[in-house]
Number of protein chains: 2
Amino acid sequence: MEVETAPTTKGRPREFCVDKALVDALHIFWAKGYDGASMTDLTEAMGITKPSLYAAFGNKEALFHKALDLYEAEKLEYTRAALDQPTARKVAEYYLRGALDTHCGATDPKGCMGLLGTLACSPEADSIKADVVRRRASSHRALVERFERAKAEGDLPAQIDPEGLTSHMLAILQGITVQASAGASRAELERLVDTSLALWPGK
Amino acid sequence: MEVETAPTTKGRPREFCVDKALVDALHIFWAKGYDGASMTDLTEAMGITKPSLYAAFGNKEALFHKALDLYEAEKLEYTRAALDQPTARKVAEYYLRGALDTHCGATDPKGCMGLLGTLACSPEADSIKADVVRRRASSHRALVERFERAKAEGDLPAQIDPEGLTSHMLAILQGITVQASAGASRAELERLVDTSLALWPGK
DNA sequence: CAACTTCCATAACGGACGGTATATAATATA
DNA sequence: TATATTATATACCGTCCGTTATGGAAGTTG
């Protein structure tokens, strides 16, 4: 049993770039969701055949997890950077504006890949769902802690519930991605964010 | 060419109740989404065979639209009742608490059937998607008008953008249903709603 | 060169999908 | 009772799904 893909250079070299193929796969999953993306969709977008895909990535599910890793690392970087902002208000602003750029940009698919993953309901997608839920829980936790710190530092009012505020802000974020998927314009979503920030508590 | 199902009583009478079967179908679509619900899932839950289903409802897509009609009429009644509340704050409160009861109750499936419909990405589900988006747009419009009226009546501050506030509130609503689908507890979502209402502008 | 290893292309696998043809059972009408 | 009409039950259709077996092409190593 081999633990990893052997780093040998023997045999015929592969004719495609694994990293580029993964980027292509990510775009398909992002646009169509796990169930909606067929192997044919994927292989056509990646420019490779099915046996090549299986040799390089394992299977569809493994490919999705790898695409999700890439998505988190590249596209969700703003959610980590947001935590470093000096005040709770700036955290929220960074978060929501980042969501706007990421989920309603011109080049990438509209909406959130994770959201599609969570709501995919095929029986075999349960492992996908669990993965996304787990990742989301860790963002949630980090945000609660950040808002607790903000409360201690005085840039959130004392009566604010950090747990509730986190769920509230993530709900807005999810709503943004839902509306983006449904075809809302960037301008519309900017007014949404402006309103949410106008109602934000504290400084 | 017959325009409607003939109201005759000739021939063998059907052995199941169409209305009850539709309720069963609704629960399946609600829990699994359009693509996730297979004809086998549906017929088993409805207790009928496929030919009976096709004779009574046309096909899967027509069945979904009828189930969506029922869903809107019965489960989304609160969104209409909300508009009759005396102030913008009460409208929001009615809306969000109603969402809690409807999408995080004990008996019905968690989450929002419309949301699953919008995010279903199979090619043949485009008509489903368009239907849901259209229905949602009309709720949106009604809400904007209600908030404009509230502004005129003085229970919303002058600097509030009714369009943005509507998108904001619907985003929270969508976030609630997303989190409910993902397994959030009722208590968690109540804290979310409490926070959202604590931040609500005006009286 | 031959031997070996790895990748690519074709085509097929079993299974599930939405949808239906056919035959039989049950009722109303005449 | 005979006939027409409609519902049910079974079995099947073609298509697409994710996955894989097979044969040959392309490269490295001796």
Side-chain angles (χ1 to χ4, degrees), chain A residues 2 4-22 24-25 28-29 32-67 117 120-128, chain B residues 2 4-22 24-25 28-29 32-67 117 120-128:
Chain A
E2 26 193 325
E4 274 295 320
T5 55
T8 65
T9 56
K10 285 187 294 188
R12 176 177 174 179
R14 96 164 23 102
E15 294 179 354
F16 64 96
C17 170
V18 177
D19 292 340
K20 187 206 158 289
L22 185 58
D24 295 332
I28 296 296
F29 279 130
K32 303 194 161 196
Y34 180 73
D35 295 320
S38 73
M39 293 301 294
T40 305
D41 291 333
L42 291 164
T43 51
E44 279 179 359
M46 299 163 84
I48 63 178
T49 62
K50 291 196 231 178
S52 298
L53 190 154
Y54 276 82
F57 299 100
N59 60 8
K60 186 183 180 184
E61 184 179 331
L63 176 61
F64 184 88
H65 287 290
K66 283 170 185 161
C121 292
S122 84
E124 70 267 11
D126 283 345
S127 119
I128 304 292
Chain B
E2 25 193 325
E4 274 296 318
T5 55
T8 66
T9 58
K10 285 188 294 187
R12 176 177 175 178
R14 76 162 43 96
E15 294 176 355
F16 66 96
C17 170
V18 177
D19 291 340
K20 188 205 158 290
L22 185 58
D24 295 332
I28 296 296
F29 279 131
K32 302 193 161 197
Y34 180 73
D35 295 321
S38 73
M39 292 301 293
T40 304
D41 291 334
L42 291 164
T43 52
E44 279 179 359
M46 299 163 85
I48 62 178
T49 61
K50 286 199 256 180
S52 298
L53 189 154
Y54 276 81
F57 299 102
N59 60 9
K60 185 183 179 183
E61 183 179 332
L63 177 62
F64 184 88
H65 287 289
K66 283 171 184 159
C121 294
S122 83
E124 70 267 12
D126 283 346
S127 120
I128 304 292

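The chains referred to below are lettered A, B, ... by the order of the sequence lines, with proteins before strands, and numbering in each begins at 1.
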Specify the separation, in whole Å, of atom [atom1] of [X] and atom [atom2] of [N].
X: Leu42(A); N: dT19(D); atom1: CG; atom2: P; result: 11 Å
X: Glu15(A); N: dC7(C); atom1: CD; atom2: C1'; result: 7 Å
X: Phe57(B); N: dT8(D); atom1: CZ; atom2: P; result: 11 Å
X: Phe64(B); N: dG18(C); atom1: CZ; atom2: C1'; result: 16 Å
X: Ile48(B); N: dA7(D); atom1: CD1; atom2: P; result: 12 Å
X: Lys60(A); N: dC16(D); atom1: NZ; atom2: C1'; result: 12 Å
X: Leu53(B); N: dC17(C); atom1: CG; atom2: C1'; result: 15 Å
X: Arg12(A); N: dT29(D); atom1: CZ; atom2: P; result: 17 Å

Taking only side-chain nitrogens and oxygens of [X], does any of them come within less than 4.0 Å of OP1 or OP2 of [N]?
X: Thr49(B); N: dT8(D); value: no
X: Ser52(A); N: dC7(C); value: no
X: Lys10(A); N: dT29(D); value: no
X: Arg14(B); N: dA7(D); value: yes

Verdict with supporting geometry, His65(B) and Ser127(B), side-chain contact (heavy atoms from CB on, under 4.5 Å): CA-CA 10 Å; His65(B) 287 289; Ser127(B) 120; 3.4 Å; yes
Checklist entry - Is Pro51(B) touching bases, backbone alone, or none of the nucleic acid, heavy atoms closer than 4.0 Å? => result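 Touches a base.
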- prompt: How would you label the contact of Glu124(A) with the nucleic acid (heavy atoms, under 4.0 Å): base, sugar-phosphate, or nothing?
  reply: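 It contacts nothing in the nucleic acid.
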Does any non-hydrogen side-chain atom of Lys60(B) lie less than 4.5 Å from one of Phe29(B)?
->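 The answer is yes, as the side chains (C-beta and beyond) meet within the 4.5 Å cut-off.
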Side-chain touch Lys66(A)/Val18(A), heavy atoms, less than 4.5 angstrom:
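No, every pair of side-chain atoms sits at 4.5 Å or beyond.
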Check the pair Glu124(A), Asp35(A) against side-chain contact (heavy atoms from CB on, under 4.5 Å), reporting the backbone distance first and the verdict last. CA-CA 9 Å; Glu124(A) 70 267 11; Asp35(A) 295 320; 4.1 Å; yes
| request: Return the 5'-most residue of the pair Pro13(B), Gly58(B) with respect to DNA chain C, ranking by each residue's nearest nucleotide. | output: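 It is Gly58(B) whose nearest nucleotide is closer to the 5' end.
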>> Pick the closest DNA chain C nucleotide for Met39(B) and for Gly11(B) by heavy atoms, then say which residue is nearer the 5' end.
In response: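 Going by which nucleotide is closer to the 5' end, it is Met39(B).
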message: Walk me through whether Leu22(A) and Leu63(A) qualify under side-chain contact (heavy atoms from CB on, under 4.5 Å).
response: CA-CA 8 Å; Leu22(A) 185 58; Leu63(A) 176 61; 3.8 Å; yes
